[in-house]
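Below you'll find the structure, written out as structure tokens, and then a few comments.
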Amino acid sequence: MQVAIASGKGGVGKSSITASLLYLLKDDYSFIAVDADAEAPNLGLLLGIRGWEEEKEHIGAKVTRIRTESCIRCGICKDRCPYDSIYIDDEGNYVVNELTCEGCNVCGLVCPVAGTITLEEVRSGVIKKATTPYGFPIISAQLDVGRPESGKLVTEEKEWAKKIMDEFNLAHMIVDSAAGIGCQVIASLGGADIAILIAEPTPASLSDVQRAYKIVQHFREPAYLIVNKADLNPGFTALNEWAESEGIPLLGEVPYDKAIPKSMTLMKPVVETFPDSRAAEALREIAGRIREEILG
């Protein structure tokens with residue numbers, strides 16, 4: 001089974017909850033974890049990863065190159081670039097800013113000198129594998145600054161994870177999605193069997209988790225909800241009311257607990273570092289429901 005954990009909004013505690021659930025489920029199930037936030041991966045940090053066993057470069061992004069020896073310095077490319085990625089250096093050469101270039105090739109199409117402007121493939125990022133201190137493997141990725149293809153990185157992460165599942169006969173893949181509803185989240189939710197949505201009781205979080213749920217509906221996946229920092233805004237009932245109206249089962253509520261940020265600084269799940277905390281107690285109950293209702 002492939003389980004995707006998403007939130008829509010960043011900062012709701014999705015990765016910290018995911019780390020604790022992985023810790024609580026590790027003795028009962030065989031699985032691989034995937035950190036599908038290639039722009040800001042942190043699940044490995046929360047699981048105490050201090051080094052990676054294997055890395056693979058992802059080549060696929062395209063950027064423009066201008067051959068100075070054949071450039072006639074007409075300036076057409078600079079004028080037509082929709083991203084203002086071409087500038088003139090101190091020597092009067094036309095140069096491409098690779099951090100902002102989108103590889104659209106408009107400049108190459110308008111250049112009057114054939115072969116002067118070309119598109120070249122460059123690295124988009126790196127995908128990494130490690131074994132956590134708790135025995136299960138994790139796949140993560142890091143998008144290079146200014147590069148596109150975050151969604152393709154996540155897709156490649158999941159493909160590598162599937163190969164590891166087949167090789168070691170692992171039963172499940174648990175994917176920690178990125179915030180938002182962009183390419184990474186779509187790639188995370190695509191192919192999943194179950195989506196677990198995490199939100200906090202605020203209007204902003206409700207709005208964003210509703211948008212994430214639309215992607216879940218697109219893929220026709222069953223969804224469950226976990227409310228984090230549940231006592232943060234006791235007068236706000238709209239989140240639970242929305243979930244009930246959509247038929248989304250509530251897996252549980254996690255109270256606001258200072259033990260969670262303390263455990264993050266220790267690079268360990270809160271259920272391990274502070275097992276008697278209110279948050280840890282709630283997470284154990286949620287893990288029990290996941291065993292009963294999702295993983296079986």
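Worth saying up front: this structure is predicted, and the values here are computed from it rather than measured.
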Between Asp37 and Lys14, is there a salt bridge with N-O shorter than 4.0 Å? no

Name of the residue among Lys152, Arg123, Gln142, Glu149 meeting side chain to side chain donor-acceptor pair (under 3.5 Å) with His58: Glu149

Write down the atom of Ala192, the atom of Ala4, and the distance for their closest heavy-atom approach. CB-CB, 4.0 Å

Relative to each other, are the rings of Phe31 and Phe136 parallel, tilted or perpendicular (30° and 60° limits)? tilted

What verdict does the side chain to side chain contact (heavy atoms under 4.5 Å, CB included) test give for Thr100 and Asp84, after you've listed the backbone C-alpha separation in whole Å, the side-chain angles of each residue and the deciding distance to 0.1 Å? CA-CA 8 Å; Thr100 59; Asp84 293 325; over 6 Å; no

Is a donor on one side and an acceptor on the other found under 3.5 Å between the side chain of Lys158 and the backbone of Gly191? no

Are Val95 and Ile88 linked, directly or through intermediate hydrophobic residues, by side-chain heavy-atom contacts shorter than 4.5 Å (ILVMFWY only)? no

Any side-chain to backbone donor/acceptor pair from Asp257 onto Arg278? Under 3.5 Å, distance only. yes

Distance check, rounded to the nearest 0.5 Å: Asn42 atom CG versus Ile49 atom CD1? 12.5 Å

Heavy-atom neighbours of Glu91 CD exceed 12 at 6.0 Å: no

Assess whether side-chain hydrogen bond (donor to acceptor under 3.5 Å, both in side chains) is satisfied between Tyr224 and Glu293, documenting all intermediate values. CA-CA 10 Å; Tyr224 293 80; Glu293 301 183 27; 4.5 Å; no

A side-chain contact here means heavy atoms from C-beta on lying under 4.5 Å apart; do Val209 and Val12 qualify? no

Is there a path of hydrophobic side-chain contacts, each under 4.5 Å between heavy atoms of I/L/V/M/F/W/Y residues, joining Val3 to Met173? no

Transitively linked via ILVMFWY side-chain contacts under 4.5 Å: Ile138 with Ile196? yes

Walk me through whether Glu253 and Asn240 qualify under side chain to side chain contact (heavy atoms under 4.5 Å, CB included). CA-CA 10 Å; Glu253 298 183 342; Asn240 296 68; 3.1 Å; yes

Could you report the tightest heavy-atom contact between Leu46 and Ala19, atom names first, then the distance? CB-CB, 4.0 Å

With rounding to the nearest 0.5 angstrom, report the NE2 to OH distance, His172 to Tyr29. 6.5 Å

So does Arg211 pair up with Asp208, basic N to acidic O under 4.0 Å? yes

Has Ser30 got a side-chain atom pairing as donor or acceptor with Ala171's backbone, closer than 3.5 angstrom? yes

In this structure, CG of Leu206 is separated from CD of Glu241 (nearest 0.5 Å) by 10.0 Å

Rounded to the nearest 0.5 Å, how far does CG of Leu45 lie from CG of Asp35? 8.5 Å

So, for Ala179 and Val185, which heavy atoms are closest and what is the spacing to 0.1 Å? O-CG2, 3.7 Å

Looking at Pro201, is its backbone amide N or carbonyl O close enough to the side chain of Ser205 to form a donor-acceptor pair, meaning the two atoms are under 3.5 Å apart? no

Mind running side chain to side chain contact (heavy atoms under 4.5 Å, CB included) on Thr64 and Leu119 for me, showing each step along the way? CA-CA 5 Å; Thr64 299; Leu119 278 177; 3.7 Å; yes

Keeping the roles fixed (side chain from Asp193, backbone from Met1), state whether a donor-acceptor pair exists under 3.5 Å. no

Could you tell me which non-hydrogen atom of Leu24 sits nearest to which non-hydrogen atom of Val271, and how far apart they are? CD1-CG1, 3.9 Å

Flag side-chain contact, heavy atom, 4.5 Å: Ile186 against Ile181: no

State, with a plain yes or no, whether a side-chain heavy atom of Ser140 is found less than 4.5 Å away from one of Trp52. yes

Exam field: side chain Asp231 to backbone Pro255, donor-acceptor pair closer than 3.5 Å: no

Compare every heavy atom of Ala161 with every heavy atom of Val34, then report the nearest pair and how far apart it is. CG2-CB, 3.8 Å

Could you check whether atom NZ of Lys78 has more than 12 heavy atoms from other residues, nucleotides or ligands sitting under 6.0 Å from it? no

Of all the heavy-atom pairs spanning Ala36 and Ser188, show the shortest one and how long it is. CB-OG, 3.2 Å

Would you check if the side chain of Gln184 reaches a backbone N or O of Ala38 as a donor-acceptor pair within less than 3.5 Å? yes

For Val63, which fellow cluster members are found when Ile, Leu, Val, Met, Phe, Trp and Tyr are connected by side-chain heavy-atom distances below 4.5 angstrom, either directly or through intermediates? Val122

Should we say atom CD of Glu244 is surrounded by more than 12 heavy atoms from elsewhere, each under 6.0 Å from it? no

Check step by step if side-chain hydrogen bond (donor to acceptor under 3.5 Å, both in side chains) holds for Ser15 and Asp176. CA-CA 7 Å; Ser15 293; Asp176 182 25; 2.7 Å; yes

When rounded to the nearest 0.5 Å, the distance separating CG of Asn105 from SG of Cys81 is 11.0 Å

Tell me whether Leu43 shares a hydrophobic cluster with Leu25, the cluster being built from Ile, Leu, Val, Met, Phe, Trp, Tyr side chains joined at under 4.5 Å. yes

Would you say the side chain of Lys128 lies within less than 4.5 Å of the side chain of Trp160, judging by non-hydrogen atoms? no

Can you tell which of Glu156, Glu157, Glu53 makes a salt bridge (charged side-chain N to carboxylate O under 4.0 Å, His left out) with Lys129? Glu53

Whether the side chain of Asn93 engages the backbone of Thr68 through a donor-acceptor N/O pair (distance < 3.5 Å, no angle test) should be reported. no

May I ask you to test the Asp28-Leu295 pair for a side-chain heavy-atom distance under 4.5 Å? no

Donor-acceptor pair, side chain of Ser85 and main chain of Val96, under 3.5 angstrom: no

Sub-3.5 Å donor-acceptor pair from the side chain of Ser20 to the main-chain atoms of Ile17, do we have one? no

Are Tyr94 and Ile76 co-members of a hydrophobic cluster defined by side-chain heavy atoms under 4.5 Å apart? no

For side chain to side chain contact (heavy atoms under 4.5 Å, CB included), just list the numbers for Lys268 and Tyr134, CA-CA rounded to whole Å, side-chain angles, deciding distance to a tenth of an Å, and then say yes or no. CA-CA 10 Å; Lys268 292 182 178 181; Tyr134 311 108; 4.0 Å; yes

Spatial distance of atom OG1 (Thr18) from atom CG (Leu47) [nearest 0.5 Å]: 9.0 Å

May I ask you to decide whether Lys162 forms a salt bridge with Glu159, counting only side-chain N to carboxylate O separations under 4.0 Å? yes

